[in-house]
2 protein chains.
Amino acid sequence: MDTNKLTALGAIRLFEGLPAPQLNSLAEIAQLRGCKAGETLFESGQPGTHFFAVVTGKVRVFRASLSGKEQILSVFTAGESFAEVPVFEGKTYPASAQALEDSQLLTIPRRGFVELLRREPELALGVMALLSSRLRLFVGQIAQLSLKEVPERLAGYLLLLRAAQGRDELTLDLPKGQIASYLGTIPETLSRAIKKLTDQGLIEVAGSRVRVLDAEGLAALAEADR
Amino acid sequence: MDTNKLTALGAIRLFEGLPAPQLNSLAEIAQLRGCKAGETLFESGQPGTHFFAVVTGKVRVFRASLSGKEQILSVFTAGESFAEVPVFEGKTYPASAQALEDSQLLTIPRRGFVELLRREPELALGVMALLSSRLRLFVGQIAQLSLKEVPERLAGYLLLLRAAQGRDELTLDLPKGQIASYLGTIPETLSRAIKKLTDQGLIEVAGSRVRVLDAEGLAALAEADR
DNA sequence: GCCGGTCCTTGACTTTAGTCATGGAACGCC
DNA sequence: GGCGTTCCATGACTAAAGTCAAGGACCGGC
């Protein structure tokens with residue numbers, strides 16, 4: 001039995017609390033693999049035979065248009081799993097995935113996992129909770145794209161980061177171009193939005209470090225309409 | 001035992017194939033209720049204690065901004081269930097819901113349903129498939145909003161309708177203002193987009209009836225970038 | 001410490017879509 | 001059958017964000 005694989009599996013949040021025998025049977029079907037920054041894991045429209053979990057590194061999931069514009073849907077880091085959708089539908093991946101850094105990944109095949117779910121209701125409930133939380137995020141993303149302008153979306157993003165990092169000195173977790181793609185815009189427009197927030201005295205920016213000067217003001221802006 | 005309730009439950013796709021005893025225990029916890037067109041079922045942010053299924057009628061799920069602009073996320077009709085997200089997260093509804101017509105609804109409380117899921121792995125798999133298909137739809141919606149312009153989104157919507165209705169003579173299932181809200185725009189802009197497709201000879205429109213003249217052309221547009 | 005690359009910013013311009021205002025068509029109601 | 005209401009279409013205008021082009025900052029490799 002591969003203890004590397006077992007410890008990797010144990011560090012995935014979705015598998016937390018899974019009893020040892022089930023973790024072992026997961027280890028029998030899961031594969032551990034490395035991949036390099038920039039490597040494509042799968043593309044939108046390909047048949048989805050496996051889902052993934054990040055052991056180390058960072059992966060982005062996105063949709064691209066023919067002209068090369070891209071919309072990032074999520075970015076996943078250590079402990080998170082992704083691409084579960086085709087597991088339960090038996091169809092294609094709805095989006096593409098690419099490693100942003102050199103990463104270690106677990107790949108888990110559809111078939112065996114569904115079998116395990118049949119026997120493990122608590123794991124199944126965990127999966128439902130995970131899918132639900134992702135739906136909640138997407139609902140928010142749709143609302144932001146349709147209802148808010150770029151500076152407001154940026155304000156919301158910074159507030160989320162602040163909540164995650166627990167202080168006013170933020171370190172951007174992605175290059176700005178990728179943040180633009182996540183916010184549904186392009187680097188030029190993001191630059192101008194950053195400038196706008198800076199001019200309003202809400203933030204200070206130096207490279208990938210951001211200081212939140214006025215969290216209240218950011219929140220007001222993020223909620224604002226017009 | 002209320003046979004109305006039982007037949008209503010049996011007509012919900014999520015509960016198809018559920019053995020009689022489980023259907024009965026669902027009937028014990030589910031409530032059947034009517035509601036009038038325009039009635040609000042719940043609002044974004046309220047604690048989510050129940051989920052819903054449509055027996056007859058039509059319900060829209062949407063997010064509103066403070067200024068009154070609205071983005072429709074989905075419209076549900078007979079046989080469909082919605083608002084499952086808080087069931088598995090135990091938190092708030094991520095969006096609001098309102099009846100578009102006089103409707104009959106089933107409401108199913110969180111607690112009992114989770115218990116049932118623990119005992120019924122096949123139902124649990126059905127729930128996961130449902131959540132997954134919804135994630136797939138949302139991924140598509142995010143990509144459309146961010147990557148495509150209004151006429152292209154409209155073309156995609158019409159093609160979906162055509163696939164659903166199985167012919168080139170379409171009947172719009174929603175008033176145009178609601179379609180605008182679903183496409184992430186406003187009625188004026190939708191009007192102009194319709195005119196554009198008409199001028200290009202792709203469709204003919206008379207009130208809520210649309211004839212697709214050039215499905216290929218629509219598809220090319222829907223895929224297009226620029 | 002210089003070179004080459006990537007990433008980011010800025011400016012001028014164009015395009016898209018939203019805003020405001022108006023008028024017309026369809027529908028239900030007395 | 002008029003009357004009001006709601007919904008839809010159109011025009012003129014404004015605002016937001018994308019495009020194109022250029023240049024600067026930063027980083028890693030040698």
Side-chain angles (χ1 to χ4, degrees), chain A residues 36-38 60 64-72 100-102 144-155 171-200 203-210 221 224-226, chain B residues 36-38 60 64-72 100-102 144-155 171-200 203-210 221 224-226:
Chain A
K36 280 175 301 190
R60 71 177 182 137
S65 75
L66 299 176
S67 64
K69 208 182 153 194
E70 293 174 350
Q71 169 68 45
I72 292 183
L100 285 171
E101 307 172 350
D102 295 349
Q144 292 249 330
L145 283 173
S146 158
L147 268 21
K148 305 212 171 146
E149 299 173 354
V150 173
E152 305 168 3
R153 289 181 230 160
L154 173 59
T171 305
L172 297 182
D173 51 348
L174 294 172
K176 285 181 190 157
Q178 298 297 308
I179 293 178
S181 173
Y182 178 74
L183 295 178
T185 186
I186 55 175
E188 291 96 320
T189 300
L190 176 61
S191 254
R192 290 175 237 254
I194 290 174
K195 200 171 170 211
K196 192 169 174 186
L197 300 196
T198 305
D199 289 350
Q200 293 181 8
I203 58 174
E204 262 176 21
V205 180
S208 70
R209 325 212 101 244
V210 176
L221 184 60
D225 281 327
R226 190 119 335 253
Chain B
K36 281 175 299 188
R60 70 176 184 139
S65 74
L66 298 177
S67 64
K69 208 182 153 194
E70 293 175 349
Q71 169 68 43
I72 293 185
L100 285 171
E101 308 172 352
D102 295 349
Q144 293 250 330
L145 283 172
S146 158
L147 265 23
K148 303 210 173 150
E149 298 174 353
V150 173
E152 306 168 1
R153 289 181 231 160
L154 172 59
T171 304
L172 298 181
D173 50 347
L174 293 172
K176 287 182 189 156
Q178 297 298 308
I179 293 179
S181 173
Y182 178 75
L183 295 178
T185 185
I186 56 174
E188 292 95 319
T189 300
L190 176 60
S191 255
R192 290 173 236 249
I194 291 175
K195 199 171 173 213
K196 193 169 174 187
L197 300 196
T198 304
D199 289 350
Q200 294 181 7
I203 58 173
E204 262 175 24
V205 180
S208 70
R209 326 210 100 245
V210 177
L221 185 61
D225 281 328
R226 190 128 334 261

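Listed by chain and residue number, nothing satisfies the side-chain contact (heavy atoms from CB on, under 4.5 Å) test with Ser191(A) (two or more places apart in sequence, or in another chain). The side chain to side chain donor-acceptor pair (under 3.5 Å) search around Asp173(B) returns Tyr157(B), not counting sequence neighbours. Every salt bridge (Lys or Arg N to Asp or Glu O under 4.0 Å) that Glu101(A) has, sequence neighbours left out, goes to Lys58(A). By the side chain to side chain donor-acceptor pair (under 3.5 Å) test, Gln71(A) is found to be paired with Ser146(B), residues two or more places apart in sequence or in another chain being considered. Remark: Lys196(A) pairs with Pro151(A), Gln200(A) by the side-chain contact (heavy atoms from CB on, under 4.5 Å) rule, at least two apart or across chains. Applying the side chain to side chain donor-acceptor pair (under 3.5 Å) test to Arg209(B) and every residue at least two apart in sequence or in another chain returns Thr171(B).
Per the geometry, CD1 belonging to Ile186(B) stands 14 Å off C1' belonging to dG11(D), to the nearest Å. Nucleotide dG18(C) holds its P atom 11 Å from the CD atom of Glu149(B), rounded to whole Å. Here dC8(D) presents its P atom at 10 Å from CG of Leu174(B), a figure rounded to the nearest Å. One atom, NZ of Lys69(B), and another, P of dA17(C), lie 11 Å apart when rounded to the nearest Å. Rounded to whole angstrom, the span from the CZ atom of Arg209(A) across to the C1' atom of dC8(C) amounts to 18 Å. In this structure, the CG atom of Leu154(B) is 14 Å from the P atom of dC8(D), given to the nearest Å. If you take CG of Leu145(A) and C1' of dT16(C), they are 16 Å apart, rounded to a whole angstrom. For the pair Glu152(A) CD and dG18(C) C1', the computed distance is 14 Å after rounding to whole Å.
Computed from C1' positions of five pairs at each end, the angle between the two local axes of the helix from dG1(C)-dC30(D) to dC30(C)-dG1(D) equals 40°, rounded to 10 degrees.
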Tabulate protein N/O versus nucleotide N/O from nucleotides 23-30 of chain D, keeping only pairs under 3.5 Å, one per line.
none

Check nucleotides 25-30 of chain C against the protein and report each pair of N or O atoms closer than 3.5 Å, with its distance, or say if there are none.
none

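Phosphate proximity of dA16(D) to Thr189(A): absent, as no side-chain N or O sits under 4.0 Å from OP1 or OP2.
When all heavy atoms of Val150(A) and Ala193(A) are compared, the closest pair comes out as CG1-CB, 3.9 Å. Between Ala155(A) and Leu221(A), the closest heavy-atom pair is CB-CD2, 4.1 Å.
Closest-nucleotide positions on DNA chain C for Glu188(A) and Ser146(A) were compared, and the one nearer the 5' end corresponds to Glu188(A).
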For this session: Any chance you could lay out the side chain to side chain contact (heavy atoms under 4.5 Å, CB included) test for Leu145(A) and Arg153(A), step after step, and finish with the verdict?
Result: CA-CA 8 Å; Leu145(A) 283 173; Arg153(A) 289 181 230 160; 3.7 Å; yes

For this session: Could you please spell out the steps behind the side chain to side chain contact (heavy atoms under 4.5 Å, CB included) verdict for Ile194(B) and Lys176(B)?
Result: CA-CA 10 Å; Ile194(B) 291 175; Lys176(B) 287 182 189 156; 4.1 Å; yes

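One distance of note links CG of Leu197(B) with CD of Glu152(B); it measures 10.0 Å at 0.5 Å rounding.
At least one donor-acceptor pair closer than 3.5 Å links the side chain of Asp102(B) to the backbone N or O of Ala37(B). In this structure, Gln178(B) contributes its side chain and Pro175(B) its backbone to no donor-acceptor pair below 3.5 Å.
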Side chains of residues 181-190 of chain A: which donor-acceptor partners sit under 3.5 Å, not counting sequence neighbours?
residue	atom	partner	partner atom	Å
Ser181(A)	OG	Glu70(A)	O	2.8
Ser181(A)	OG	Ile72(A)	N	3.4

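Nucleic acid contact for Pro175(A): sugar-phosphate only, since backbone atoms but no base atoms lie under 4.0 Å from a heavy atom of the residue.
Within residues 190-199 of chain A, the residues that have a heavy atom under 4.0 Å from DNA chain C are, in order of number, Ser191(A), Arg192(A), Lys195(A). If you check residues 176-183 of chain A against DNA chain C, the residues with a heavy atom closer than 4.0 Å are Lys176(A), Gly177(A), listed by number.
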